[in-house]
2 protein chains.
Amino acid sequence: MGTTQLESVPEPKYWHLKTVLSEALDSEFSVGEILPNERDLAARFGVARATLRQALEQLELEGRLQRRRGVGTTVAPPRVGVAVGSEQHTWPGAAGDAWQATDCTVAAPPASVAGILETAHGEQVHTVRRSRVTHGQQVAAELLYVPASSVPDLSAIDAPSGAARARAVLRELQRLDLENQDRAVELGSARADDAKELDRLPGAPVLVVTTRFFAEGRTAAVSVATYRADTCRLTFGDSGGVEIHHDPERRAS
Amino acid sequence: MGTTQLESVPEPKYWHLKTVLSEALDSEFSVGEILPNERDLAARFGVARATLRQALEQLELEGRLQRRRGVGTTVAPPRVGVAVGSEQHTWPGAAGDAWQATDCTVAAPPASVAGILETAHGEQVHTVRRSRVTHGQQVAAELLYVPASSVPDLSAIDAPSGAARARAVLRELQRLDLENQDRAVELGSARADDAKELDRLPGAPVLVVTTRFFAEGRTAAVSVATYRADTCRLTFGDSGGVEIHHDPERRAS
DNA sequence: CAGTGGTCTAGACCACGCA
DNA sequence: GCGTGGTCTAGACCACTGC
């Protein structure tokens with residue numbers, strides 16, 4: 001009767017490990033601290049390295065840990081809140097937005113984007129690359145697809161590609177009357193190029209924010225922004241920019 | 001000259017596998033179709049089962065596949081768009097919302113929620129469980145935390161717990177003047193109870209939507225909703241409910 | 001009971017960062 | 001060159017589903 005029921009429904013080892021580690025992180029580690037390496041940790045808990053890694057992967061997914069090849073595993077800071085919906089109904093590139101344009105090419109968009117833009121199959125569009133930095137950290141990479149028909153007066157005297165061209169496309173976009181916009185968020189995995197820009201490995205989990213911009217009764221541009229899922233919490237500030245303070249008791253390293 | 005450069009930068013096998021499988025899914029399979037089992041697939045591609053599984057995990061994360069223990073791996077339908085932000089500034093439980101209240105208990109919320117609610121440590125609040133079903137599929141589980149101070153007139157004659165109690169709490173909430181609300185989305189992993197409700201294994205990736213409801217100058221309630229990340233695309237309909245049509249060319253099984 | 005995906009092991013080698 | 005995390009293998013057993 002006094003016996004405690006152990007493992008009657010045997011929880012997976014990695015799940016139990018994750019719980020134990022999570023509690024240890026709360027009580028015995030501070031942000032930025034380096035954990036013992038995977039081989040040592042696995043030995044300490046008496047499990048195979050693969051099993052330990054399953055637990056670490058979960059904790060990284062939840063933003064509790066940060067792992068870097070060649071360096072080690074560190075305790076991650078709390079996720080940063082990144083405002084996504086506060087600047088309602090403004091074009092990308094409007095004064096004071098959080099993005100920096102880095103490049104612009106002309107290319108055929110992926111099929112899913114072409115479907116939204118209602119462009120012909122294989123039709124090329126202006127493709128602006130932008131990146132977003134918050135608190136000194138690169139948090140997102142974006143591709144903005146702009147059909148030629150949305151920027152008819154784009155001057156040929158501007159550079160044919162590069163950051164200057166990107167700014168020219170954004171400038172032209174401002175001239176349209178933005179009627180509405182529309183957002184969706186889903187889970188994805190980083191393509192090789194985005195992963196590199198976000199300083200993650202390919203396949204890293206990302207939050208994909210797809211935004212449609214409506215002008216003149218049609219979809220004038222589509223933005224596909226990928227945010228690091230491990231470090232970001234996307235905020236949709238209906239309340240006018242009130243910031244959520246999260247786990248205020250955790251201290252910085 | 002004519003030689004194709006193979007593996008000069010050796011892509012990981014699982015990454016290449018994922019690409020190959022992804023293309024096969026597009027061209028040779030239709031939604032709902034069952035794939036060969038993991039042992040056969042691994043043998044067919046000449047890799048260890050663990051490596052194949054790494055590729056399948058990624059594809060499942062991206063919503064391309066669905067795996068069920070004891071059953072098999074099937075081709076997933078396109079993600080369903082789930083409206084999260086369209087019904088702006090209404091209380092949970094307002095007429096016509098997509099949720100169904102199933103239970104209500106009185107308990108101390110997790111520390112992160114207590115911090116937002118600004119309740120004392122260990123203070124108990126009404127905790128309403130709701131679930132959301134779209135297209136016959138359970139897509140989300142929610143816990144709604146309501147401090148007693150937000151529903152002062154809650155009648156003692158209602159049941160102390162259960163669905164009836166949940167509805168009573170929601171009814172009382174409607175009487176408050178909702179001033180604003182505030183949302184955040186982040187990646188998480190399903191706790192055991194949520195996982196069961198969502199018909200997934202514990203640890204499955206979920207999109208966690210945290211909503212704060214402001215009334216009478218303070219946070220009157222907090223909702224933490226977990227959506228299946230594999231099957232859902234969260235839509236924030238600033239444009240008044242315009243629905244994104246995604247990959248319309250894919251056909252149902 | 002047979003077949004599926006889920007967990008776990010004990011190794012090996014590789015790619016990367018840094019001193 | 002050394003130590004780190006990342007990839008990969010070839011097995012084993014377990015938990016669940018459906019017949």
Side-chain angles (χ1 to χ4, degrees), chain A residues 7-19 21 32-61 64-76 189-190 192 195-196 199-205 230, chain B residues 7-19 21 32-61 64-76 189-190 192 195-196 199-205 230:
Chain A
E7 306 287 338
S8 86
V9 177
E11 201 174 39
K13 277 191 188 177
Y14 78 91
W15 186 259
H16 183 239
L17 248 185
K18 186 194 127 184
T19 310
L21 285 169
E33 208 172 331
I34 308 175
L35 266 64
N37 72 52
E38 297 183 349
R39 291 162 180 84
D40 285 354
L41 274 181
R44 183 175 314 188
F45 287 107
V47 299
R49 190 176 156 219
T51 304
L52 174 81
R53 279 179 59 81
Q54 223 176 327
L56 294 184
E57 263 150 39
Q58 285 249 356
L59 289 170
E60 190 177 29
L61 201 77
R64 307 288 312 272
L65 293 179
Q66 203 156 338
R67 299 193 290 169
R68 285 176 190 260
R69 166 151 52 178
V71 180
T73 302
T74 58
V75 181
S189 47
K196 193 175 176 187
D199 191 26
R200 299 263 68 196
L201 291 174
D230 54 344
Chain B
E7 306 286 339
S8 87
V9 178
E11 201 174 40
K13 276 191 188 177
Y14 78 91
W15 186 259
H16 183 239
L17 248 185
K18 186 194 128 184
T19 309
L21 284 169
E33 209 172 330
I34 308 175
L35 266 63
N37 72 53
E38 297 184 350
R39 290 162 180 85
D40 285 354
L41 274 180
R44 181 176 314 186
F45 287 106
V47 299
R49 191 178 155 218
T51 304
L52 174 82
R53 279 180 59 81
Q54 224 176 326
L56 294 184
E57 263 151 38
Q58 283 249 358
L59 289 169
E60 190 178 29
L61 201 76
R64 307 287 315 270
L65 292 179
Q66 204 155 339
R67 298 146 91 199
R68 284 180 194 257
R69 165 151 51 177
V71 179
T73 302
T74 57
V75 181
S189 48
K196 191 174 177 187
D199 192 25
R200 300 262 68 197
L201 291 173
D230 56 344

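We name chains A, B, ... by the order of the sequence lines, and we start the count at 1 in each one.
DNA chain C is contacted by both A/G70 and A/P12; A/P12 maps to the nucleotide lying nearer its 5′ end (nearest heavy atom per residue).
Sorted by first and then second residue, the pairs that involve residues 35-48 of chain B and meet salt bridge (Lys or Arg N to Asp or Glu O under 4.0 Å), not counting sequence neighbours, are B/E38-B/R49, B/E38-B/R53, B/E38-B/R67.
One distance of note links CZ of B/R200 with CD of B/E60; it measures 5.0 Å at 0.5 Å rounding. Here the CG atom belonging to B/L61 is positioned 8.5 Å from the CG atom belonging to B/D230, to the nearest 0.5 angstrom. How far OG1 of B/T19 is from CD of B/E11: 5.5 Å, rounded to the nearest 0.5 Å. Rounding to the nearest 0.5 Å places CG of B/L52 at 12.0 Å from NZ of B/K13. Here CG of A/L65 is found 5.0 Å from CG of A/L59. Values are rounded to the nearest 0.5 Å. Note that the OG1 atom of B/T73 and the CD atom of B/E33 stand 12.5 Å from one another [nearest 0.5 Å].
Note on A/T73: a side-chain N or O is less than 4.0 Å away from OP1 or OP2 of D/dG5.
Proximity of residues 48-56 of chain A to DNA chain C (heavy atom under 4.0 angstrom from any strand atom) is restricted to A/A48, A/R49, A/A50, A/T51, A/Q54. The stretch residues 34-43 of chain B comes close to DNA chain D through B/R39, each having a heavy atom under 4.0 Å from the strand.
In this structure B/Q58 satisfies the side chain to side chain donor-acceptor pair (under 3.5 Å) test together with A/S189, B/K18, sequence neighbours excluded.
Recorded end-axis angle for the helix from C/dC1-D/dG18 to C/dC18-D/dG1 stands at 20°, based on five pairs per end and rounded to 10 degrees.
Closest heavy-atom contact between A/Y14 and A/A55: O-CB, 3.6 Å. Between B/L17 and B/T51, the shortest heavy-atom contact is CD1-O, 4.4 Å.
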* Asked: B/D199 and B/R68: side-chain contact (heavy atoms from CB on, under 4.5 Å), yes or no, with the steps?
  -> CA-CA 10 Å; B/D199 192 25; B/R68 284 180 194 257; 3.1 Å; yes

* Decide yes or no on side-chain contact (heavy atoms from CB on, under 4.5 Å) for B/L201 and B/R69, but give the supporting numbers first. => CA-CA 10 Å; B/L201 291 173; B/R69 165 151 51 177; 3.8 Å; yes

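In this structure, CZ of A/R200 is placed 13 Å from P of D/dG5, rounded to the nearest angstrom. For the pair B/R69 CZ and D/dC16 P, the computed distance is 5 Å after rounding to whole Å.
Here the side chains of B/L21 and B/F45 are in contact, with some heavy-atom distance below 4.5 Å.
First and last contacting nucleotides of DNA chain C toward chain B (any atom under 4.0 angstrom from a heavy atom, 5' to 3' order): C/dG3 to C/dA15.
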